[in-house]
Structure formats: structure tokens, C-alpha cells
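Data first, discussion second: the structure below is written as C-alpha cells.
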There are 2 protein chains.
Amino acid sequence: MSLDQLETVVAIAEEGAVVRAARRLHLTQPPVTRRLQALEDELGVQLFERLPNGMRPTDAGRRFLSHARAILGAVERAREDLATES
Amino acid sequence: MSLDQLETVVAIAEEGAVVRAARRLHLTQPPVTRRLQALEDELGVQLFERLPNGMRPTDAGRRFLSHARAILGAVERAREDLATES
DNA sequence: CATGCTTACGGATCACGTAACCATG
DNA sequence: CATGGTTACGTGATCCGTAAGCATG
């Protein structure tokens, strides 16, 4: 698991599609697809349903998204903490 | 910032030295030194004092360690959540 | 045939380990 | 000279983008 993968699943969820997540992340589609695949492989769980028009989180996906957002928020707080009181 | 870097600083803090952190992480010393350097560079903050006999967290380092442990704990919970109720 | 996800592949970057170097007690 | 951190350097792994493939409306 990597922080990039977490940002990726959050972007896919919020944009509803890999193409648009890719734009947000300043990437092309393939790396976005691959980041998601690698994460799903590692966790052994499918996080998104592949629909004809985009991506929809599974139940496990929704649970994981909540964790992902918490982790990314904690990372942001860590950065701000050090930036502030240096 | 990467999760590997966070595990690295926690290991250095708990072991008190890069050599022993390396053993815990199943690495040699140089990558451990480099992970720490890269993180300190990115954050623009020194996290450890280099003592003759090992490493000692700075004030910023101690603050950061608390964040690092929180993040790694959240990662662990995310994993367990998906592993449990699959 | 337009949209969107995925696979193949080549090339650049990253990150490791070995080896050598430096500092301190 | 033993212990511990760092730097140099070569190599294997990782990760991107381009291109091509595949499925659905």
C-alpha cells in the first residue's frame, strides 16, 4: 500500500471514472488503472465495480475509502504541524 | 512522503540507531540512512540528532513520530477491516 | 464510432546492496 | 580498531507514457 494508491482510489471515487481521476492526478489512464489493480491485488478485495460508463465503489471499497481519507488527512496534518511550528 | 519512510523513522527512533533499524527492516544501513535523508529533505526539518553512538529524535522529530505512528496505525486498521469482514 | 478500461512494451527513474570512506571512543 | 553513519556506484525493479486492444451504448 502506498499513499499514491490511496490518493488514486479517492480520486476515482470522487470523479466516478478512471479517465477523470487521471486528469486530476496529472496522469494518463493506464497508471491509474494499474495503481488500482495493484492495490486490489494486495488487499485481495475488489474496491470498484467496473460499469460501462465508469467506476462505482463496492461495499468493501466504501469502507476502504473512509480509511483512505482518514490516512491522507493524518498525513496532511503531519505536514502542516512541521511547517507551522518550525 | 511514503509509508516506508514512516516505518523507517519509527524503527530508527525505537532502536536508537540506523544499524539496528536496518536489521529490523531487513535492509542494510545505506537505504535506511537515505530514506531518512529524503524525508528530512522533503519536510525541510531535521528529525534526528546524529550522536556518536546513535540517533536521537529532535523536538520536531518527536512531534513527527507521533504523527507517523498514528498514520501507520490507521493503515493497519484499514488492512484489518478489509481482512476481517470480507 | 465515441467513451472508457485494460494490456503490451520501451525507456527513464528509483532504490537496493556492495564497497569504500569518515568520525568518534 | 570497533562501532555507527554516510557517500559512490552499478544493477535490478518500478512506474510512467505511447500505442494498441477490447467492450459497451
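All figures in this text were calculated on a predicted structure; none of them were measured in a lab. We use all heavy atoms of the structure for the numbers below, so side chains are in, but hydrogens, waters and symmetry mates are not. Order of the sequence lines fixes the chain letters, A, B, ..., with proteins taken first and strands second; residue numbering starts at 1 for each chain.
The side-chain contact (heavy atoms from CB on, under 4.5 Å) with Met55(A) is formed by just one residue from the set Thr33(A), Leu36(A), Val19(A); it is Leu36(A).
The separation between Phe48(B) atom CZ and dT6(D) atom C1' is 16 Å, rounded to whole Å. Spacing between atom CG of Leu36(A) and atom C1' of dT6(C) amounts to 11 Å, rounded to whole angstrom units. Counting to the nearest Å, the P atom of dC5(C) and the CG atom of Leu25(A) are 13 Å from each other. Atom pair Gln29(A):CD and dA8(C):P shows a separation of 17 Å (rounding to whole Å applied). Spacing between atom CZ of Arg23(A) and atom P of dC5(C) amounts to 10 Å, rounded to whole angstrom units. The nearest whole Å value for the distance from the CG atom in Asn53(B) to the P atom in dA23(C) is 17 Å. Note: CE (Met55(A)) to C1' (dG4(C)) measures 10 Å, nearest angstrom. Regarding Leu27(A), its CG atom lies at a distance of 16 Å from the C1' atom of dT6(C), rounded to whole Å.
The nearest heavy atom of DNA chain C to Ala17(A) and to Arg35(B) marks one nucleotide each, and the one closer to the 5' end goes with Ala17(A).
At the phosphate of dT24(C), neither OP1 nor OP2 sits under 4.0 Å from any side-chain N or O atom of Arg50(B). Phosphate contact (OP1/OP2 of dC5(C), side-chain N/O of Thr33(A), threshold under 4.0 Å): absent. Note on Arg34(A): every side-chain N or O is 4.0 Å or more away from OP1 and OP2 of dC15(D).
Distance from the side chain of Pro52(A) is smallest to dG25(D) among dG25(D), dG5(D), dG17(D). Distances were taken from every side-chain heavy atom of Arg20(A) (C-beta onward) to each of dT18(C), dG4(C), dT7(C); the shortest belongs to dG4(C). Closest to the side chain of Pro31(A), from the set dG4(C), dC16(D), dC16(C), is dC16(D). Candidate nucleotides dT7(C), dG17(D), dC16(C) were compared by shortest atom distance to the side chain of Gln37(A), and dT7(C) ranks first.
Here the side chain of Glu42(B) pairs a donor or acceptor atom with the backbone of Met1(B) at under 3.5 angstrom.
Put simply, CZ on Phe48(A) and CZ on Arg62(A) are 10.0 Å apart, with the number rounded to the nearest 0.5 Å. Once rounded to the nearest 0.5 Å, the distance linking CZ of Phe64(B) with CG of Leu6(B) reads 5.0 Å.
Taking the charged nitrogens against the carboxylate oxygens, Glu7(B) and Arg69(B) have no contact shorter than 4.0 Å, which rules out a salt bridge.
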